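Heads up: numbering here begins at 1 and tracks the sequence. Here the structure is a predicted model, which means the values were calculated and not measured.
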Amino acid sequence: MRLLLMGPPGAGKGTQASRLAETLGVPAISTGDIFRTEVAARSPLGRQAQRFMTAGEYVPDEVTNEMVRGRLNEADAAEGWLLDGYPRTLDQVGVLDDVLSASGHRLDAVVVLSVDEDELVRRLTERAVTEGRADDSEAVIRHRQQVYREQTAPLVEVYEKRSLLTLVNGSGPVREVTDQIVGLLHGDAPARS
Ligand code: AMP
């Protein structure tokens, strides 16, 4: 299974990625987590990424793409993966396509979590208190939503054209959202409201 998890900051990608990875038996690869680990280790990559992250901007494509290429070539990713937070730009979509075609694989699905913006800001403001992330201040939270709208939301259409989209309402309880995603991936009919 090769899966992408998309959605604006605060939609619950990280939470759902770890739960899904366990259920599906593939590694969850979160570019945000990798960057945060590198920043904490003060590595050269961390030093490059830090100022962009703190400002709520995307780390430049060249840097991010190289990191992801390396990660996807690791042994545990040979049989499948779930990418959380990548790709986020059209350039990254192209690189992922190249990585996939070079290994003779293709994407199985792109799950998009949606949550309305007031709820996103509320969740992230709460996370600022519980996790103390440097990019969870209110101004940066709003900026990250804007960057998502401008640079990442257009990717939904790209994957829609490829008939890969699975749209999921991410505002319910964590378990229900996971169950809904797993059901949809297994081909259940979408719930009607
Ligand atoms: P996340 O934890 O996924 O919200 O990511 C936190 C931050 O890491 C983002 O605001 C970006 O600065 C950086 N980042 C994560 N993934 C990417 C990506 N695919 N492209 C560029 N920057 C990224």
task = Give a yes or no on whether Glu79 atom CD has more than 12 heavy-atom contacts from other residues, nucleotides or ligands under 6.0 Å away.
result = no

ask   = Taking side chain as C-beta onward, heavy atoms only, is Arg2 less than 4.5 Å from Leu100?
value = yes

inquiry  = Any donor-acceptor pair under 3.5 Å linking the side-chain atoms of Ser171 with those of Asn169?
reply    = yes

request  = Could you pull out the closest heavy-atom pair between Met53 and Asp135, with the gap in Å?
outcome  = O-CB, 3.4 Å

ask   = How close do Lys13 and Gly7 get, heavy atom to heavy atom, and via which atoms?
value = NZ-O, 2.9 Å

ask   = Are there more than 12 heavy atoms of other residues, nucleotides or ligands under 6.0 Å from atom CD of Glu157?
value = no

task = Specify the closest pair of heavy atoms between Pro8 and Leu120, including all atoms of both residues, with the distance to one decimal.
result = CG-CD1, 3.6 Å

inquiry  = Does any part of the side chain of Leu3, heavy atoms only, come nearer than 4.5 Å to the side chain of Leu107, both counted from C-beta?
reply    = no

task = Looking only at non-hydrogen atoms, find the nearest pair between Leu4 and Tyr86 and report the distance.
result = CD2-O, 3.7 Å

query = Glu150 versus Gln145: any side-chain heavy-atom pair under 4.5 Å?
reply = no

Nearest heavy-atom neighbours spanning Ala55 and His143 = O-CD2, 3.4 Å

inquiry  = Do Thr152 and Thr89 have side chains that approach each other closer than 4.5 Å (heavy atoms only, starting at C-beta)?
reply    = no

task = For the residue pair Val68 and Leu72, establish whether any side-chain heavy-atom pair is separated by less than 4.5 Å.
result = yes

ask   = Which atom names give the shortest non-hydrogen contact between Pro27 and Ala21, and what distance separates them?
value = C-CB, 4.3 Å

task = Using a strict 4.0 Å threshold on nitrogen-to-oxygen distance, state whether Asp179 and Arg19 make a salt bridge.
result = no

Flag side-chain contact, heavy atom, 4.5 Å: Leu124 against Pro9 = yes

request  = May I ask you to test the Val110-Leu5 pair for a side-chain heavy-atom distance under 4.5 Å?
outcome  = no

query = Side chains of Met6 and Tyr159: closer than 4.5 Å at any heavy-atom pair?
reply = yes

query = Are any side-chain N or O atoms of His186 and backbone N or O atoms of Leu184, one a donor and one an acceptor, separated by less than 3.5 Å?
reply = no

